[in-house]
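I have placed the structure first, in the form of structure tokens, so that the comments after it can refer back to it.
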Amino acid sequence: MPELPEVETIKHGLKPHLERAVVQDVIVRRATLRWPIPDNLKDLLVNQCILDISRRGKYLLFKFITGTLLIHLGMSGRLQLVSTRQPLKPHDHVDFIFSSDKVLRYNDPRRFGAILWTHAPIEDFPLLKSLGVEPLDHEFTADYLKQKACNRHADIKSFIMNSHVVVGVGNIYAAEALFLAKIHPLTPAGHLSHDQLITLVDAVQKTLQAAIRAGGTTLKDFVNSQGTPGYFSQQLNVYGREQLPCVQCGSLLLKIKQAQRTTVFCQQCQI
DNA sequence: ACATTGACCTGGGAGC
DNA sequence: TGCTCCCAGGTCAATG
């Protein structure tokens with residue numbers, strides 16, 4: 001479900017409600033997500049105060065004195081603030097209870113998500129350690145991409161979706177950014193000119209920032225922490241628009257498969 | 001070291 | 001109506 005803008009939207013929605021809140025109870029109804037949820041999660045969290053909520057890639061990080069809770073939403077995860085009176089729905093796997101009318105509820109039909117805990121400094125956590133740069137940080141530059149892409153034969157779309165290169169760019173925003181940059185998605189990453197890389201960095205950042213401003217993209221079921229959808233789908237130029245006219249030139253958009261993921265692009269505009 | 005593939009899961013829609 | 005097949009916003013592990 002979520003790419004960087006969706007996770008950022010959720011983080012933004014949770015911060016004012018949960019920072020400095022104290023966990024009263026934790027209920028795990030189903031502990032088998034992508035990895036097992038720690039079986040002592042309740043002991044780790046009860047009576048502990050959330051000091052800070054941040055994001056690294058698509059991971060939400062809840063900082064406590066004793067360590068950090070990491071939540072990844074996978075493809076279908078949701079985090080919503082609800083009341084204890086809210087009836088349970090299918091796939092409501094975990095509740096973090098703060099008060100009778102403040103429950104952080106994790107729902108995930110496909111269970112590709114993860115809820116993990118680490119006592120260690122977050123930069124030492126294995127899953128985060130090898131992640132690439134944040135796309136909205138100043139280290140995400142054409143020079144950085146050039147150095148990473150050197151001698152790479154992977155196509156540029158798979159390359160910018162590779163979290164060891166840059167985090168947070170999933171299938172929707174990779175396609176949108178390449179359209180904005182007028183770059184053909186099958187171009188080998190190492191073949192892009194310096195000017196193209198400058199354009200690409202700018203396009204990724206503009207796309208993500210616009211999506212964050214719109215509250216993320218709701219294709220079918222994304223909702224933020226308050227239960228409202230995102231509106232960036234109205235601004236999608238290529239994703240989900242195969243066989244429809246390009247907004248720039250009017251020719252029909254083409255759908256291909258890259259690394260088992262669908263890519264839609266314009267053969268005329270993207271060279 | 002890099003590129004490719006399979007794996008993990010459920011639900012919804014298309015087609016028969 | 002019901003079956004089968006394919007598709008979906010992610011990403012790690014195993015394989016060449």
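Side-chain atoms are counted along with the backbone in the values below, which use heavy atoms only and exclude waters and symmetry mates. Numbers restart at 1 for each chain; the letters A, B, ... are given by sequence-line order, proteins then strands.
Per the stacking criterion (ring centres < 5.5 Å, plane angle < 30°), F112(A) stacks onto the base of dG10(C).
Separating the CG atom of L219(A) from the P atom of dC7(C) is a distance of 17 Å, rounded to the nearest angstrom. We find that NZ of K220(A) is positioned 10 Å from C1' of dG13(B), with the value rounded to whole Å. Atom CD1 in I212(A) sits about 19 Å away from atom P in dG9(C), given to the nearest Å. Distance CZ (R110(A)) to P (dG12(B)): 12 Å, rounded to an integer number of Å. Atom P of nucleotide dG10(C) and atom CG of N162(A) are separated by 13 Å, given to the nearest angstrom. Rounded to an integer number of Å, the gap from CZ of R78(A) to C1' of dG9(C) is 13 Å. Following rounding to the nearest Å, I115(A) (CD1) and dG10(C) (C1') show an atom-to-atom distance of 16 Å. Atom CG of N171(A) and atom C1' of dC7(C) are 12 Å apart (whole Å).
The side chain of H153(A) contributes no N or O atom lying less than 4.0 Å from OP1 or OP2 of dC2(B). At dG11(B), one or more side-chain N or O atoms of H91(A) fall inside 4.0 Å of OP1 or OP2 (strictly under the cut-off). Here K257(A) does not reach the OP1 or OP2 of dT5(B): none of its side-chain N or O atoms lies under 4.0 Å away.
You'll find that the side chain of E6(A) is closest to dG9(C), out of dG11(B), dC12(C), dG9(C). Picking from dC2(B), dG10(C), dG9(C) the nucleotide with the shortest atom distance to the side chain of R34(A) gives dG10(C).
Using a 4.0 Å heavy-atom cutoff across all strands shown, R261(A) reaches at least one base atom of the nucleic acid. At the heavy-atom level, T262(A) lies under 4.0 Å from the strands shown only through sugar-phosphate atoms. Y239(A) comes within contact range of the sugar-phosphate backbone alone, with a heavy-atom separation under 4.0 Å but no base atom that close. No engagement by K148(A) is indicated, since no non-hydrogen atom pair under 4.0 Å with the nucleic acid exists.
The minimum heavy-atom distance between P135(A) and F140(A), with the atom names listed, is O-CD2, 3.1 Å.
Of the possible donor and acceptor atoms, none in the side chain of R85(A) sits under 3.5 Å from a partner among the backbone N and O of P87(A).
Position along DNA chain B of the nearest nucleotide to Q260(A) versus C150(A) favours C150(A) as the more 5'-ward residue.
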Stepwise side chain to side chain contact (heavy atoms under 4.5 Å, CB included) test for L18(A) and L81(A): CA-CA 10 Å; L18(A) 294 185; L81(A) 276 176; 4.0 Å; yes

Using the side chain to side chain donor-acceptor pair (under 3.5 Å) rule, take Q258(A) and T263(A) through it: C-alpha gap first, then chi angles, then the decisive distance, then the call. CA-CA 7 Å; Q258(A) 290 181 270; T263(A) 305; 2.6 Å; yes

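Judged by distance alone, with hydrogens and angles left aside, R111(A) brings no side-chain donor or acceptor close enough to the base of dC9(B) to form a pair under 3.5 Å.
Other residues, nucleotides and ligands place more than 12 heavy atoms under 6.0 Å from the NE2 atom of H194(A).
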